[in-house]
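Working notes, beginning with the structure itself.
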Amino acid sequence: MFALVDVNSFYASCETVFRPDLRGLPVVVLSNNDGCVIARSAEAKKLDIKMGVPYFQMKDLIRKHRVQVFSSNYALYADMSNRVMTTLEEMAPAVEIYSIDEAFMNVSGVSNCMSLERFGRDVRDRVQRETHLTVGVGIAQTKTLAKLANHAAKKWSKTGGVLDLSNIDRQRKLMSMVPVEDVWGVGRRISKKLNLMGIETALHLAECSTWVMRKHFNVVLERTVRELRGEPCLELEEFSPTKQQIVCSRSFSSRITEYEQMRQAICAYAERAAEKLRGERQYCRQIAVFLRTSPHVANEVFYGNQAMGKLLTPSNDTRDIIRVAIEALDRIWIAGHRYMKAGVMLGDFYSQGVAQLNLFDEFRPQPNSAALMHVIDGVNQSGKGKLWFAGQGIDKPWAMKRQMLSPAYTTRYSDLPVVK
DNA sequence: TCTGGGGTCCTAGGACCC
DNA sequence: TCTGGGGTCCTAGGACCC
């Protein structure tokens, strides 16, 4: 038996926890660069503010309804997420942290001592008490059904935010009311195709032949069908598998046209990516760089490209990663474009670094690499200051825009933006 | 003027091997 | 008349998730 717990309007709720004066007002949180809406409070949803709408398109609406707008403050959200997850881990033998605001819990043994619904309410009350955040809880025999239950718990207020969907008749009744596109794992493309085949509700999908689904689509959808019927195909993954890829990319605050600025940005992304790689205790051999202009501008030619470089010896030394990234950048940089976004991707990971020196490797592993990286990461995590490579530059005019950032209520001073 | 960032899994097809 | 069989690895692209 699985429970899926997720926080209602997570980012927006994190902002209001520390601002009780905002309760009852519509609140939205914007993506990086204050680009578009990525979270809305219940009141903002009522105003029909859609997910993903560009901020500049809704300024009138915001003024009219006194919508409270925040830049995203990931340091705050990550900290609040940790608090929620810690509480959940104290309440179940196994928890899978599925995303920043969601977790699956193993609740198989619970029904021996209390009803599943009672347990769901306990989870909700305790998280509320300890973090001032409200969660929804869905419970069922498979992850896909638990997701569905959670979805319904939020949609129908009479559930009080908790729904035990372990009863087969209740499952069928709910599935007959849920459109197929609301099923976990069914996105826009597949739901369109399913609709054309006459499959419109979750129940229709659950009653499809697995063989036909596999033939017309793929095994992923076949598993979804089985899960909807109560046959578990997905397990609880308590320990996150090691990452296979690390990406660090940002849109720029304004378009980049100068090579020097692009080099600084790539250098900064490479540094951040290398830091994440060391956080995973991994070493990489592949370093790729991509850049692109805006796809939205009508009278400009779109340019997007990417290039990959390889290290012969796996490394997590920022200096190696910057060097290969800049070499890759130089292969795809074309002057004259107005670049909107760029990024650095790391791949081909190894759990050990210098396994074997290659005789023909022209770049030797850097001496004392591990010690130097340890010092850099130590300083940067201490909250006392930041160390960075000179290649990033000092002014960083390309750095992202966050004009409505809330204070770092729970985290350190150094997470605040520097105001000059 | 202005539109996010970071991941995963699966499949098909080509290169290459014996 | 008439061109083997079976396998692995890699990459690109498509779909999905939050």
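Lettering follows sequence order; numbering is per chain, from 1.
- In this structure, L221(A) places its CG atom 19 Å from P of dG14(C), rounding to the nearest Å.
- The side chain to side chain contact (heavy atoms under 4.5 Å, CB included) test with V135(A) singles out one residue from D6(A), V5(A), N8(A), and that residue is V5(A).
- Taking only side-chain nitrogens and oxygens, R255(A) comes nearer than 4.0 Å to OP1 or OP2 of dC2(B).
- Listed nucleotides dT3(B), dG6(B), dC18(C) differ in distance to C248(A); the shortest reach to its side chain belongs to dG6(B).
- Proximity of S99(A) to the phosphate of dC17(C): no side-chain N or O atom is located under 4.0 Å from OP1 or OP2.
- Counting non-hydrogen atoms under 4.0 angstrom, R214(A) reaches nothing in the nucleic acid.
- Look at K341(A) and you'll find a side-chain N or O under 4.0 angstrom from OP1 or OP2 of dG5(B).
- The side chain of F56(A) lies closest to dT3(B) when the candidates are dG5(B), dT11(B), dT3(B).
- Note that NZ of K155(A) and CG of D182(A) are 6.0 Å apart. Values are rounded to the nearest 0.5 Å.
- Within the 4.5 Å cutoff, no side-chain heavy atoms of F2(A) are placed close to those of V107(A).
- Across dC17(C), dG4(B), dG5(B), the shortest atom-to-atom separation from the side chain of K147(A) is found for dC17(C).
- Atom pair M340(A):CE and dC2(B):P shows a separation of 11 Å (rounding to whole Å applied).
- Each of L30(A), D34(A), N32(A) was checked for a side chain to side chain contact (heavy atoms under 4.5 Å, CB included) with K401(A), and the lone residue meeting it is D34(A).
- Sorted by residue number, the members of residues 184-210 of chain A with any non-hydrogen atom under 4.0 Å from DNA chain C read W184(A), G185(A), V186(A), G187(A), R188(A), R189(A), I190(A).
- Using cut-offs of 30° and 60° on the angle between ring planes, the pair F252(A) and W398(A) is perpendicular.
- If you check dT11(C), dG7(B), dG4(B) against the side chain of K243(A), the one that comes closest is dG7(B).
- Put simply, CD1 on I246(A) is 11 Å from C1' on dG7(B), counting in whole angstrom units.
- Counting any heavy atom pair closer than 4.0 Å across all strands shown, D34(A) reaches no nucleic acid atom.
- The side chain of K276(A) sits closest to dG6(B) out of dC9(B), dT8(B), dG6(B).
- Electrostatic pairing of E280(A) and K276(A) does not count as a salt bridge here, judged by no charged N lying under 4.0 Å from a carboxylate O.
- Closest approach to the R338(A) side chain among dC2(B), dG5(B), dG4(B) is made by dC2(B) (side chain taken as heavy atoms from C-beta onward).
- If you take CD of E181(A) and P of dA15(C), they are 17 Å apart, rounded to a whole angstrom.
- Comparing dC9(B), dT11(B), dC18(C) by their nearest atom to the side chain of Q244(A) picks out dC9(B).
- Both the sub-6.0 Å distance and the 45° axial angle are satisfied by K193(A) relative to the ring of F217(A).
- Under the rule for a side-chain hydrogen bond (donor to acceptor under 3.5 Å, both in side chains), the partners of D330(A) that lie at least two apart in sequence or sit in another chain are Y259(A).
- The nearest whole Å value for the distance from the CD atom in E227(A) to the C1' atom in dC16(C) is 15 Å.
- The aromatic rings of W184(A) and F104(A) are tilted relative to each other, their planes meeting at an angle between 30° and 60°.
- Counting any heavy atom pair closer than 4.0 Å across all strands shown, L30(A) reaches no nucleic acid atom.
- For the pair K59(A) NZ and dT3(B) C1', the computed distance is 13 Å after rounding to whole Å.
- At dT3(B), none of the side-chain N or O atoms of S294(A) fall inside 4.0 Å of OP1 or OP2 (strictly under the cut-off).
- If you check dT3(B), dC9(B), dC18(C) against the side chain of R223(A), the one that comes closest is dC9(B).
- Remark: C1' of dC2(B) and CG of D60(A) are 14 Å apart, rounded to the nearest angstrom.
- Comparing I38(A) and N218(A), the nucleotide of DNA chain B nearest to each residue sits closer to the 5' end for I38(A).
- Straight-line distance from the CD atom of Q403(A) to the C1' atom of dC2(B): 12 Å, rounded to whole Å.
- Looking at heavy-atom distances under 4.0 Å, Y98(A) makes contact with sugar-phosphate atoms alone, never a base.
- Figure legend. dC18(B) is base-paired to dG5(C); pairs are counted as Watson-Crick or G-U wobble with both atom distances under 3.5 Å.
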